[in-house]
Structures are given as structure tokens and as C-alpha cells.
Amino acid sequence: MSENEQNTQVTYADSGVDTAEGARAVDAIKQMVASTNRPEVIGGIGGFGGLFSAVAIKDMGDPILISGTDGVGTKLVLAQLLDRHETVGQDLVAMCVNDILASGAEPLFFLDYVAIGHIEAAHMAQIVKGVADGCKLAGCALVGGEMAEHPGVMRPDDYDLAGFAVGVVDRAKMLDPANVRPGDVILGLASTGVHSNGYSLVRKVIGVDGVVPGTAEADEKRAELERPLEALGGESMADALLRPTRIYVKPVLEALRAGAPIHALAHITGGGITENLNRALAGDVDALVDRHVAGDPDAAGTDFGFGWDVPPVITEVCRRAQLSANEACKTFNMGVGLCVICAPEDEASVRAALEAAGEHPFRVGECVPGTGEVRYTN
């Protein structure tokens, strides 16, 4: 090694990590983070850990902490292609808090992790705004997180998200699939679209799989996806596909606190109705879903004739993919974001409690003797 080589300084910034921009990004999101605070939050972001008082659980007889972690998946690829980053943070929160809600838990606090090729404060603020919006919708506090710059591993504009939520429920009020019995009624709460699952298939059928953001091809695809479509009622595919995942926490907790005798909940995520509703069943019970499907359920096509509303964007993606009804139901939520299971004699009171909280529940099916599987009437 020459003397010049020995005396040449190589800084962290020279290697692609801009700590000054990272500090500016933290400053840019402080107010957003503070807007999610609950009374139990101690201090703010910037420390080595997020502080949260346990006062929220002191009056419970047997408090059970429930945690959940998740990501947004390849929906992020579409967000990057379209250069729209304001809503994927809500998706991140939703995927975690809806999962812990399935046990009847109230989300208390949330942390996020952002891995990105190159940090830009304005870009990061867009992402974290969505996280903060989601936390406010869920009533939980954003107590901290991490921004990790990965030069040489990720493209400068590439990023990935992960989230972690902690909630609590008193054991006596915890929802449990063991409570589900034959004869129980299955109600659905509507989804707003594809939510955050199935986007590898979505990207393939809309022709953007493998398209690199920032290229001429990407610009062409972006223009195509932003055009209004008659099949979507004049909405663009871009708007419909980036609509964030619904957060069901506040209305469902409101119903539970009002005394709604709910036995179990199922968050319909990856694997659709078929591979999520079974997670809310006792081992000796099957879910019999009545789709009101017209025609052959295994025939390709999308004239499914479901007994509830399926968002047009899901129908359009299924049409382009030529999915059968059975395949569609194990890929997408098909308009059902959350399933609520209750005894038949309690259906009216559960519906009333959910309606009072602003929901519009609809009948999805019933529980019958079985082995913990999801079946369809057809």
C-alpha cells in the first residue's frame, strides 16, 4: 500500500451512509410521532428505547400482553413504481394491529423499521406519516423505530418496512377459537380493496413485475396505471391498488366494550378467506361459507355473484388472472377484511353493537361440525 493510499480518509458518507440526512429525517418526523402519543407514553423518540407506562393494565385481573409483527410485502414495489409513499405506512400498522385485535386486545404501542437504499428526509417523512396515521386510527402510540440506510445492498430509492405492535387484553375477556361451536354465525366486515396481500400476483397481471422504478418503461406503466378505468367506476388502478388496509380496531373494541358477545375474530390476510378463517375455528368445527356463487365454482372467470360486495379492483384483478372462485378465495380477501363469529342467538346484538360503532356487518356463513377447515356451500 502506498503512502498516499494510507493517508486517504474514507468517511461513512463516502461509503454511502449520510448520518446528517438521517438526523434531518428524525427531526422531520418528530411531530408526527408525537401526534400518536397516549397518556402512557414517556418521553419521545431519540432515546435507545421507547418508554410506555404499564398503568394501562393495572386494573386488569389477569392482563395478557399480545404482540404482532408484519410487513407490507410487495405492495411496496408498486408504491415505489408509482412514487406514492403516503399510505403504505398505514398498511404496515394495519397488518400488525388487526392481527392482535383477533384476540380481543387493545393495541398499546407500535414500532417501525425502515430499511432504505438512501435516506432522504422528505421521502422518509412521507412513509412515516402513513405509520402515524395508522397508529392514530388504531389508538396506539408510535414510540420508536429505526431507519437503516443500506447502500450497495438496495437501490437508492428502494425500501422495505417492518412493524411490531404490543397490545393487552384481560384474560377473562380474551377471544379464543376454542369458544366457537357448531351453529355459530360468521359475519363479515368490509375490506377497502386488496389491502396488503396478493401483490405478487397483482403485479404480474397488471404487467409491472420486474419493471425497475425510474426507467422509461416504469414511466409508461405509471401513466397507464393512473388512467381512469370504467371497470373501476372511473377510478385508476393506481388509486385502487394503493388504497390502504382498513384498521378495524376502534369499532370492534367499541363493540366488545359495549358487551357484544363475540366468540372469535379472523383477520383475512395472505391466503384469503380459505387460509385465515380456519385460524379462528375450534378443532371440531368447520366454517361453511355461503358465497352465493352462480355457476361452476371451478370455472375460470369472475362473474362470482357473491352475496356481499367485492371491491371492483379485486374483481378486475381476478378477471385478468382468470381465477376460479375457489382460487380467488385463497388469494384475496374478496371484500371481507375481518370475520366475526358469534352464537346465532347473539347475532342481532352483535350486529347492533357493530352498527353502533359505524360498521355494516353482513352474513358470510355458519359453523358446522368438522375438523377446523373452511368449506363453501357450493
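This chain uses plain numbering: 1 for the first residue, then up along the sequence.
- Considering only heavy atoms from C-beta on, L76 stays 4.5 Å or farther from H85 through its side chain.
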Query raised in the report: How far apart are the C-alpha atoms of N333 and V194, what are their side-chain angles, what is the distance that settles it, and do they pass the side-chain contact (heavy atoms from CB on, under 4.5 Å) test?
Result: CA-CA 7 Å; N333 63 62; V194 184; 5.6 Å; no
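- Linking Ile, Leu, Val, Met, Phe, Trp and Tyr residues whenever their side-chain heavy atoms come within less than 4.5 Å places L201 and L232 in a single cluster.
- Evaluation of the side-chain hydrogen bond (donor to acceptor under 3.5 Å, both in side chains) test over residues 170-181, restricted to residues two or more places apart or in two chains, returns D62-R171.
- In this structure, I127 is not a member of the same hydrophobic cluster as L111, with clusters built from ILVMFWY side-chain heavy atoms closer than 4.5 Å.
- Atom CZ of R291 is separated from atom SG of C329 by 4.5 Å, given to the nearest 0.5 angstrom.
- Counting heavy atoms from C-beta on, the side chains of F332 and V310 never come closer than 4.5 Å.
- The only option from R155, H150, M147, M124 that meets the side-chain contact (heavy atoms from CB on, under 4.5 Å) definition with I116 turns out to be M124.
- Think of V153 as one node in a network of Ile, Leu, Val, Met, Phe, Trp and Tyr side chains linked at under 4.5 Å; its network also takes in M154.
- Defined by atom type and a distance below 3.5 Å, a donor-acceptor pair is missing between the side-chain atoms of N278 and R375.
- The cluster map of Ile, Leu, Val, Met, Phe, Trp and Tyr, joined by side-chain heavy atoms under 4.5 Å apart, puts V249 and M95 in different clusters.
- When all heavy atoms of P107 and C140 are compared, the pair lying nearest together is O-CB, 3.6 Å.
- The minimum heavy-atom distance linking V180 with A280 is given by the pair CG2-O, 3.3 Å.
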Query raised in the report: Which is it for E217 and K221 under the salt bridge (charged side-chain N to carboxylate O under 4.0 Å, His left out) test, yes or no, and what are the steps along the way?
Result: CA-CA 6 Å; E217 183 184 13; K221 284 295 182 181; over 6 Å; no
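- Residue pairs meeting the salt bridge (charged side-chain N to carboxylate O under 4.0 Å, His left out) criterion with at least one member in residues 50-60: none, sequence neighbours excluded.
- Side-chain contact between D160 and V114: absent, with no pair of heavy atoms (C-beta onward) separated by less than 4.5 Å.
- Residues satisfying the side chain to side chain donor-acceptor pair (under 3.5 Å) criterion with S196, sequence neighbours excluded, are D91, T245.
- In this structure, R38 CZ and S53 OG are separated by 10.5 Å, a value rounded to the nearest 0.5 Å.
- Among residues at least two apart or in separate chains, there is no ring pair (Phe, Tyr, Trp, His ring centres under 6.0 Å) pair with a member in residues 249-274.
- Formation of a donor-acceptor pair under 3.5 Å by the D290 side chain with backbone atoms of T377 is not found in this model.
- Between R246 and E359, at least one side-chain nitrogen of the basic residue sits less than 4.0 Å from a carboxylate oxygen of the acidic one, meeting the salt-bridge criterion.
- V128 is connected to V97 through a chain of hydrophobic side-chain contacts under 4.5 Å among Ile, Leu, Val, Met, Phe, Trp and Tyr, so both are in one cluster.
- Cluster partners of I100, using a side-chain heavy-atom cutoff of under 4.5 Å among ILVMFWY residues and allowing indirect links, are I64, I66, V169, M174.
- Side-chain contact check for D70 versus L92: every heavy-atom pair is 4.5 Å or farther apart.
- The closest side-chain heavy-atom distance from P151 to E149 is below 4.5 Å.
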Requested in this report: Give the C-alpha distance, both sets of side-chain angles, the deciding distance and a yes or no for side-chain contact (heavy atoms from CB on, under 4.5 Å) between L241 and L78.
Outcome: CA-CA 8 Å; L241 289 175; L78 191 60; 3.7 Å; yes
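- L142 CG to C135 SG: the interatomic distance, rounded to the nearest 0.5 Å, is 4.5 Å.
- Looking at D286, its side chain does come within 3.5 Å of a backbone N or O of T371 through a donor-acceptor pair.
- L277 places a side-chain heavy atom less than 4.5 Å from the side chain of V289.
- Annotation: ring pair (Phe, Tyr, Trp, His ring centres under 6.0 Å) contacts involving residues 190-232, sequence neighbours excluded, are absent.
- Annotation: the span from M237 atom CE to L242 atom CG amounts to 11.5 Å, rounded to 0.5 Å.
- Cluster membership check: F306 shares its hydrophobic cluster with V336, using side-chain heavy-atom separations under 4.5 Å among Ile, Leu, Val, Met, Phe, Trp and Tyr.
- In this structure a side-chain-to-backbone donor-acceptor pair under 3.5 Å is missing from E373 to G370.
- Judged by distance alone, with hydrogens and angles left aside, the side-chain atoms of S67 form no donor-acceptor pair with the main-chain N or O of V166 at under 3.5 Å.
- The side-chain contact (heavy atoms from CB on, under 4.5 Å) check on K330 picks up T274, E275, E327, with sequence neighbours excluded.
- Heavy atoms of other residues, nucleotides or ligands lying less than 6.0 angstrom from CD of E345 number more than 12.
- Counting only N and O atoms by type, the side chains of E355 and H360 include no donor and acceptor under 3.5 Å apart.
- Residues V364 and W308 are in side-chain contact: their nearest non-hydrogen atoms beyond the backbone lie under 4.5 Å apart.
- Judged as a side-chain contact (heavy atoms from CB on, under 4.5 Å), and not counting sequence neighbours, the contacts of R222 are L82, D83, E226.
- In this structure L137 satisfies the side-chain contact (heavy atoms from CB on, under 4.5 Å) test together with Q90, I247, sequence neighbours excluded.
- Counting only distance, with no hydrogens or angles, the side chain of T69 and the backbone of A162 share no donor-acceptor pair below 3.5 Å.
- Between E347 and R363 a salt bridge is recorded (basic side-chain N to carboxylate O distance below 4.0 Å).
- Between the CZ atom in F52 and the CD1 atom in I42 there is a gap of 9.0 Å [rounded to 0.5 Å].
- The pair E235-R243 meets the salt-bridge criterion, since a charged nitrogen lies less than 4.0 angstrom from a carboxylate oxygen.
- Taken from CG in D309 to OG in S191, the straight-line distance is 10.0 Å, to the nearest 0.5 Å.
- Checked by atom type, the side-chain pair H123/Y159 shows no donor-acceptor distance below 3.5 Å.
- A donor-acceptor distance shorter than 3.5 angstrom exists from the side chain of R351 to the backbone of P361, with no hydrogens or angles considered.
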Report task. Test D99 against C96 for side-chain contact (heavy atoms from CB on, under 4.5 Å), laying out the working first. Result -> CA-CA 5 Å; D99 277 356; C96 296; 6.0 Å; no
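- In this structure a side-chain-to-backbone donor-acceptor pair under 3.5 Å is present from N276 to G272.
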**Report entry** Y248 vs L101, side-chain contact (heavy atoms from CB on, under 4.5 Å): CA-CA, chis, key distance, verdict
**Finding:** CA-CA 8 Å; Y248 298 92; L101 173 67; 3.9 Å; yes
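- In this structure P63 satisfies the side-chain contact (heavy atoms from CB on, under 4.5 Å) test together with I57, M60, V168, sequence neighbours excluded.
- Remark: the backbone N or O of A218 is paired with a side-chain donor or acceptor of T215 at under 3.5 angstrom.
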Could you pull out all donor-acceptor pairs under 3.5 Å where a side-chain atom in residues 206-213 meets a protein atom, sequence neighbours excluded?
{"from": "D209", "atom 1": "OD1", "to": "R203", "atom 2": "NH1", "distance (Å)": "3.0"}

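- For E254 and R257, the salt-bridge test fails: no basic side-chain N is under 4.0 Å from an acidic carboxylate O.
- Residues H118 and D157 have side chains not in contact (no heavy-atom distance under 4.5 Å, counting atoms from C-beta outward).
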